[in-house]
There are 2 protein chains.
Amino acid sequence: MATPVSFGMRDGLREHRRKLTRPRQAILDIIAAAEHHLTPAEIHKRARKKYPHLGLVTVYRTLDLLTELGYVRRVHFNDGCHSYVAAAQGHAHHLVCSNCGKAQEFENCDLEPLIANLQRKTGFEINVHMLELMGRCPDCSVTANAMAKKARR
Amino acid sequence: MATPVSFGMRDGLREHRRKLTRPRQAILDIIAAAEHHLTPAEIHKRARKKYPHLGLVTVYRTLDLLTELGYVRRVHFNDGCHSYVAAAQGHAHHLVCSNCGKAQEFENCDLEPLIANLQRKTGFEINVHMLELMGRCPDCSVTANAMAKKARR
DNA sequence: ATTATTGCAAAACGTTTGCAGGTTC
DNA sequence: GAACCTGCAAACGTTTTGCAATAAT
């Protein structure tokens, strides 16, 4: 399955001759441990608990760096864009809970037939795709059902 | 195929008892005629040629309105978010040229099997999905090939 | 010692809001 | 004439930049 992300990120930094600093460690820890997608502001707030001096600017710069190195992925939403999650290696997409925000990656998107079909029909040469699914995670789904039941009484 | 979008938008405004004003007409014309996805700023710039007094604020408000009524759709990107295109009725996704920005809609995304599969595996109750494909449109593809040929000489 | 990285303050964006005046129905 | 819409200016939140001080290699 997924490789331990935080180690991957740390090694990646070294390989790319970028320095592993205390602020970056704090940020890495937060992202690697997050069960959520997080906005830069959220990351900043959380990482400050471990490293109170941390500036928001550094969060932005670190996110850019990690995205570039492929250890973090940007997630888009219909309203406020731009949250980040630790990325599994290789091609992947996200499944996000619209209620609690929990995010989960999946890899086999199986869009090849659709893409092949569209390439034939439109003449486009398709090489990037963005797919995000949203809905209720098991926990929130249960809660919703329970509340519905309650309301029905 | 697609209904004539501009008429649809105009009628829609009337149906919803919203007024059809000159600024809105200018904006509608631009969006309906665009072969591109356009940012609010782009729309503003273009629509000003027809209606020089137009304020950017009005563009934002009109876009919100049209999105709400379903005549316009927001498109997301990896870098700068938030462009808009005229929307065909019903469920649809976009195919965007990464070179010139030309956008095209398609409807049959055929994600049902994937979604069913993921629901079974993860327990999520999936009800929204966002799919965007990017690549070179036929024109840009040709240009790229021609340039490559040239370079090889 | 060298070079990258940080944090601050301030600028630059994109977007939203309050409000007086103007337009459409 | 009532309700809606517009534009301005100004507020707002997010992201970026210049720069001197600091920390990692």
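Values reported hereafter were calculated over all heavy atoms of this structure, with side chains retained and with hydrogens, waters and symmetry mates removed. Order of the sequence lines fixes the chain letters, A, B, ..., with proteins taken first and strands second; residue numbering starts at 1 for each chain.
Considering every non-hydrogen atom in both A/P40 and A/L56, the closest pair reads O-CD1, 4.0 Å. When all heavy atoms are compared, the tightest approach of A/C97 to B/F124 is N-CE2, 3.7 Å. Counting all heavy atoms, side chain and backbone alike, A/R14 lies closest to A/L20 at NH2-CD2, 3.7 Å. A/H129 and A/L111 get closest at one heavy-atom pair: CD2-CD1, 3.3 Å. Residues A/T39 and A/S83 come closest through the heavy atom pair CG2-OG, 3.5 Å.
Of the residues in residues 16-23 of chain B, B/K19, B/L20, B/T21, B/R22 come within less than 4.0 Å of DNA chain C through at least one heavy atom, sorted by number. Within residues 41-55 of chain A, no residue approaches DNA chain D, by heavy-atom distance under 4.0 Å. Heavy-atom distances under 4.0 Å link DNA chain C to A/R61 of residues 60-68 of chain A, given in residue order.
Although no hydrogens or angles enter the test, the distance criterion places a donor-acceptor pair under 3.5 Å between the side chain of B/Q119 and the main chain of B/I126. For B/H44 (side chain) and B/V59 (main-chain N/O), no donor-acceptor pair under 3.5 Å exists by modelled atom type. At least one donor-acceptor pair closer than 3.5 Å links the side chain of B/R24 to the backbone N or O of B/K19.
Between the P atom of C/dC25 and the CZ atom of B/R14 lies a distance of 7 Å, rounded to the nearest Å.
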Legend entry - From CA spacing to verdict: side chain to side chain donor-acceptor pair (under 3.5 Å), A/Y84, A/R74: CA-CA 5 Å; A/Y84 294 80; A/R74 220 174 188 176; 3.3 Å; yes
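Note: the hydrophobic cluster containing B/L69 also contains B/I31 (ILVMFWY, side chain heavy atoms under 4.5 Å, direct or indirect links).
Rotation axes derived from the C1' atoms of the five outermost pairs at either end of the helix from C/dA1-D/dT25 to C/dC25-D/dG1 lie 40° apart, to the nearest 10°.
The salt bridge (charged side-chain N to carboxylate O under 4.0 Å, His left out) contacts involving residues 36-47 of chain B comprise B/E42-B/R46, where partners must be two or more places apart or lie in separate chains. Within the structure, salt bridge (charged side-chain N to carboxylate O under 4.0 Å, His left out) contacts touching residues 49-61 of chain A (residues at least two apart or in different chains) are A/D29-A/K50.
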